[in-house]
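As C-alpha cells, the structure follows; a few thoughts come after it.
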Protein chains: 2
Amino acid sequence: MAGDPSDVLTGRLGYLLKHTQLALTAAVARALEPFGLDGRELAVLAVLAAEYPLSQLAAAERLGVDRTTMVALVDVLEDKGFVERRRSPEDRRKNIVELTEAGRDTLEKAERARGEVEREFLAPLGKGGAVKLVAALRALVG
Amino acid sequence: MAGDPSDVLTGRLGYLLKHTQLALTAAVARALEPFGLDGRELAVLAVLAAEYPLSQLAAAERLGVDRTTMVALVDVLEDKGFVERRRSPEDRRKNIVELTEAGRDTLEKAERARGEVEREFLAPLGKGGAVKLVAALRALVG
DNA sequence: TATTGTTATACTCTATAACTATA
DNA sequence: TATAGTTATAGAGTATAACAATA
C-alpha cells in the first residue's frame, strides 16, 4: 500500500513542475552566460521593450515582483549598462526605465539563445508535444 | 519588433513553469493546512513510506535535498509527531527515520487531499490533457 | 580515513516597514 | 494624504565548512 518507490515522487505534479523548472532554469542560465544575463533579467528587458514608457512600479507589476525587488533588478541591469533610469517629466516620482542600445542589442541576441534552449529542452516531446505542453501551461496560468 | 506586451511573459517557458508551480504549491498548501503539513513535508512522508528502512541520508538523496536540509525537515516532522528517529543497529552512524502511527494516518489522508487538489488544478485541461501534461513533464525530467 | 548526522554560517531570494521626494 | 523609489531588515530556503560519533 505504500506505492512504488520509483514513482512516489515522479507521480507528484508539484515535484515534476519544480524539477522541470529547475532543469530549464539551469539550461537557460548556461545559454545566457555569454550575454551576462540570467533568465529573469532577460524577462525584465523583454517587458521593458514590449511596452514604453514603463515606470519601475509598472514594470514590477507586469513581472509579478515586489517594487523593492525591482529596485535591485534595475540596479543590476543599470550596472551592466542594459538600462537607464530617467526621471519622468510628467511625474517626477517615477523612474522611466529605458533600454540602452546595448540593452536592445543584448535582448535580441539573448532572446534568440533562449528560444534555442527552450526548443532543445522540449525536443524529447516532439514538435506537437512541445506546442501542447506550452498551451496546457498557458491554460493553467497564463 | 518588441513583441506583444500581453504575451511577452506567457510566451516564456520559464515563466509559465514557475508560475504554474507557484499556483499549484499555494493550492496544495491550502489543502494540506488541516493536516499541519506542506507539500514538501508530505513528499518526505511518502518517500519514507515507500521504502523501508531509509536513513536520513538515503531519504535526502531520494528527495534530491542536501543532508543538512534533511536534518531540519526531519526535526519538523518529528516535532509534529509524524516520524521518529531510530538509531540503526547495523550501523550506529545512521538514523532510520520511521513513520509513526499518526504519520501513516496523516500521510494517507493528506495524499488523498493532494490528489484532489491536483485533479482540480488540472481540470481546465480535461482528462486527456491532464494525463498528457503529466506524461510530458515526466519525459522531460522524470 | 570515510561516512552520517549535526551545527554554525553564509548566501540567495523575497517581502515588510520605514524613510524621502514628489504629488 | 497618497504614491514611487529607496533602504534596512528579516524571513524562507538552501548550500558549504567544520565537528562528533561511528565505521
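Residue numbering restarts at 1 for every chain, and letters A, B, ... go by the order of the sequence lines. Excluded from the calculations below are hydrogen atoms, water molecules and symmetry mates; all remaining heavy atoms, backbone and side chain alike, are included. From a predicted model like this one, the values you see are computed outputs, not experimental measurements.
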For atom [atom1] of [X] and atom [atom2] of [N], their distance in whole Å:
| X | N | atom1 | atom2 | value |
| --- | --- | --- | --- | --- |
| B:Leu22 | C:dA15 | CG | C1' | 14 Å |
| A:Asn95 | D:dT7 | CG | P | 11 Å |
| B:Leu57 | C:dG5 | CG | P | 6 Å |
| B:Glu78 | C:dG5 | CD | P | 13 Å |
| B:Glu41 | D:dG13 | CD | P | 9 Å |
| A:Lys94 | D:dT6 | NZ | P | 14 Å |
| B:Leu54 | C:dG5 | CG | C1' | 15 Å |
| A:Leu73 | D:dG5 | CG | P | 13 Å |

Do the side chains of [X] and [Y] get close enough for a salt bridge, i.e. N-O under 4.0 angstrom?
| X | Y | answer |
| --- | --- | --- |
| A:Arg40 | A:Asp38 | no |
| A:Glu98 | A:Arg104 | no |
| A:Arg30 | A:Glu33 | no |

Between the side chain of [X] and the main-chain N/O of [Y], is any donor-acceptor distance below 3.5 Å?
| X | Y | answer |
| --- | --- | --- |
| A:Glu84 | A:Leu99 | no |
| A:Thr20 | B:Val141 | no |
| A:Glu78 | A:Arg85 | yes |

Any donor-acceptor pair under 3.5 Å linking the side-chain atoms of B:Arg87 with those of B:Asn95? yes

Report the residues that fulfil salt bridge (charged side-chain N to carboxylate O under 4.0 Å, His left out) with B:Arg92, sequence neighbours left out, ordered by chain and then residue number. none

Sort out for me which residue in B:Val117, B:Thr106, B:Leu42 forms a side chain to side chain contact (heavy atoms under 4.5 Å, CB included) with B:Leu32. B:Leu42

Close approaches to DNA chain C from residues 28-37 of chain A, in residue order (heavy atom, under 4.0 Å): none

Could you write nucleotides 14-23 of chain D as a row of B, S and -, 5' to 3', where a protein heavy atom under 4.0 Å of any base atom gives B, of only sugar-phosphate atoms gives S, and otherwise -? SBBBB---BS

